[in-house]
Each structure stands twice: as C-alpha cells, then as structure tokens.
Novice: 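Before anything else, here's the structure in question.
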Amino acid sequence: MPELPEVETTRRGIEPHILGHEIQGLIVRQDRLRWPVPPRLENRLRGQRILRVERRAKYLLLQTGTGTLLIHLGMSGSLRVLPPGTPPGPHDHIDLVFQHCCLRLRDPRRFGAVLWTSEAVAGHALLRHLGPEPLGQEFNGEWLYRLARRRHGPVKNFIMDGKVVVGVGNIYASESLFHAGIHPHRPCNRISLNRYHRLVEEIRRVLISAIRQGGTSLRDFQREDGRPGYFAQELQVYGRERQPCPRCGQPIRQRRIGQRSSYFCSHCQR
DNA sequence: AAATTCTCCTGAAGGC
DNA sequence: TGCCTTCAGGAGAATT
C-alpha cells in the first residue's frame, strides 16, 4: 500500500515523462473514487503544461499554469506511464493523456483521489493542517517529544498521525519502531527525548532505504513502468508473525493497535 | 483536544 | 465447485 516511499518512487518515475509536456486530454472511466473526480476536469487540464511534479505527504501534485492536480493513491493505487492508446484493464479508472504517453491511474479499491485546485496548493483543505515531512528539517526528536507531552496513546498511532508527521503508514511505522527498539503499544508520553531522537533517525533511515528500493510491493503497488518495488525483502517484522525476530530469534508477534495490524518483537522492543 | 469508530472499496483467504 | 464471511487498509468525518 502506498506510503511515502511508494509515492516518492512514483513521483520520480513519472516526472521525466510528463514535466514540461502539454496535456492533450483526460479520460475518466470511473469518477467515484474517495471523492468524486471533479466534473468537466478535462476542460481545465487540456492545453496546460506540467510545470512541476511534486509530493506533499502522500499527495502527488501536478502543477500547471492555472492550478494543481492532486493525486492520492489511497491504498491500492498506482500510476503507470504507457504508450498512448494502450487498452485499459480492470480498475484503470483515469488517463491523463499526452502526445507521447499516457499517465494511467489504476486503483482497485478506489480509496485514491484525483482533485483539482486553482488556488495555492499548500492552502488546500487536505494539505493545510498536515504535519512536517519526515525527511525535512523540522521533523526531529524535540518535535516528537514536545507533541507527545499532551497525549498518551500508543506511539505507533502517534507516528501514523498526519498532524505529527506525514507519510508514515502502517508498514513503515512497524519497521521504524522495530529498528528503534520501541514497543508499538508504549504510551507516547512514556518515551524519553533520547529515544525519540533515535526513532526519528530510524524513520528517516527506513524511508530513505525504501525509496532506494523503489518502495514495497505487497499486492497492488507497481512503479510507473510496471516493475514492483523491492523493499518487501528488507522488511524485518511487517507481515512476519510467528517468524523469528532477525535480531534475537524469538517469534514476531502480531497485534491490533488502533484498528491496524502491528508487528513487533516483544523481546527487542520495550 | 484527543481518542475511537465509521466509512468508502475490492480481492484474497478460510470455512463449510 | 461455490457461496458465504472475514479481513486488509489511508485517512477524513463523525462520534465519544
């Protein structure tokens, strides 16, 4: 499921194909995504050039001269760059058509979104209240420690909260906490500043490493050229219940924390 | 205010 | 073989 590394992998993959190119058309086969695709969106897009291909949190932002197309991959979405006219398969809901290629959104579960704003994109309702980027400067141990003072929920939920830090989803939350040696269920206000420094370091390390591997493909995710990401083979705990902990050999445990499956080693993580 | 629950959706997996 | 139930999950919205 697309988390920050998958979205960044996608951004880097599509950018060279579409940057500076003119949008010829938009084909919407299914407009019922998480929110309805805006009606008559093609009229706004046709003739516009892609001026920037950016990412904020898990949103892809395709900036044109008149506004920005926001794309979210939800949990099963992927974007591919295909030759124009390639016949669509199941769940290929939307094509952004260029002269030389077609950018195609496939999203079996339709939790993704395609939206438009003609205002400054940072002020959009979906982006306005987001926390810092995990790979940016203002995300650090002090930030986490300070926010955690007035909370008490499990640290895993804490770092998956987009107001605390963006882009850390279920897979990378479990992985980062394992590397930091912190139990996912530990109350976030019972963690020292030093351990938060370490956690920030591990979140960054895991995300950067996953980006380098092209993300994690468990089921639906594929890169813009159809290849999978290869970080799944680096996963230490996610999806590995009952298998031996890579560090101490005791069985990895699975437990639901905040409605999400969480994986951890109860010996190595405290 | 923070925490919890609900909601959208499809496909895989398990039970009988 | 086939039909049913259950589960997975991003994250905003609604509720407690």
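In what follows, every chain begins at residue 1, and chains take the letters A, B, ... in the order their sequences are listed.
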Novice: Hey, does A:G153 reach any base, or is it just sugar-phosphate, or nothing, if we go heavy atoms under 4.0 Å?
Specialist: sugar-phosphate
Novice: In whole angstrom, give the distance that lies between atom CE of A:M75 and atom P of B:dT7.
Specialist: 18 Å
Novice: Name the nucleic acid region contacted by A:L33, choosing base, sugar-phosphate or nothing; use a 4.0 angstrom heavy-atom cut-off, strictly under.
Specialist: nothing
Novice: Regarding A:R260, tell me which of base, sugar-phosphate or nothing describes its non-hydrogen contacts under 4.0 Å with the strands shown.
Specialist: base
Novice: Salt bridge between A:E42 and A:R46, side-chain N to carboxylate O under 4.0 Å?
Specialist: yes
Novice: Would you say a side-chain N or O of A:R32 is under 4.0 Å from OP1 or OP2 of B:dC8?
Specialist: no
Novice: Is A:R12 salt-bridged to A:E8, going by a charged N under 4.0 Å from an acidic O?
Specialist: yes
Novice: Using a strict cut-off of less than 4.0 Å between a Lys/Arg side-chain nitrogen and an Asp/Glu carboxylate oxygen, indicate whether A:R223 and A:D225 qualify as a salt bridge.
Specialist: no
Novice: Are OP1 or OP2 of C:dA8 and a side-chain N or O of A:Y263 less than 4.0 angstrom apart?
Specialist: no
Novice: Here's a test of your reading of the structure: between A:P90 and A:R150, which maps to the more 5' nucleotide of DNA chain B?
Specialist: A:R150
Novice: Measure the distance between the ring centre of A:F111 and the centre of the six-membered base ring of C:dA11, then answer whether it is under 5.5 Å with planes under 30°.
Specialist: no
Novice: Does A:H91 or A:G258 map to a spot on DNA chain B nearer the 5' end, using the closest nucleotide for each?
Specialist: A:G258
Novice: Given C:dA11, is OP1 or OP2 found less than 4.0 Å from the side-chain N or O atoms of A:K58?
Specialist: yes
Novice: Does B:dA3 have OP1 or OP2 sitting under 4.0 Å from an N or O in the side chain of A:H152?
Specialist: yes
Novice: Categorize A:Y59 for me: base, sugar-phosphate, or nothing, with a 4.0 angstrom heavy-atom threshold over every strand shown.
Specialist: sugar-phosphate
Novice: Does the Lys NZ or Arg CZ of A:R149 fall within the cation-pi geometry relative to A:Y145 - under 6.0 Å from the ring centre and within 45° of the axis?
Specialist: yes
Novice: According to a strict under-4.0 Å criterion, is A:S76 in side-chain N/O contact with OP1 or OP2 of C:dG9?
Specialist: no
Novice: Quick check for you: among C:dA8, B:dC9, B:dT4, whose closest atom lies nearest to any side-chain atom of A:N157?
Specialist: B:dT4
Novice: May I ask you to evaluate whether A:R34 reaches the phosphate of B:dT7, defined as a side-chain N or O under 4.0 Å from OP1 or OP2?
Specialist: no
Novice: Looking at A:E15 and A:R52, does any basic side-chain N land under 4.0 Å from a carboxylate oxygen?
Specialist: no
Novice: Quick one: which of C:dG10, B:dG11, B:dA3 gets closest to the side chain of A:R109?
Specialist: B:dG11
Novice: Counting only side-chain nitrogens and oxygens, does A:Q259 get under 4.0 Å of the OP1 or OP2 atom of B:dT5?
Specialist: yes
Novice: Taking only side-chain N and O atoms of A:Y172, does any of them lie within less than 4.0 angstrom of OP1 or OP2 on C:dG10?
Specialist: no
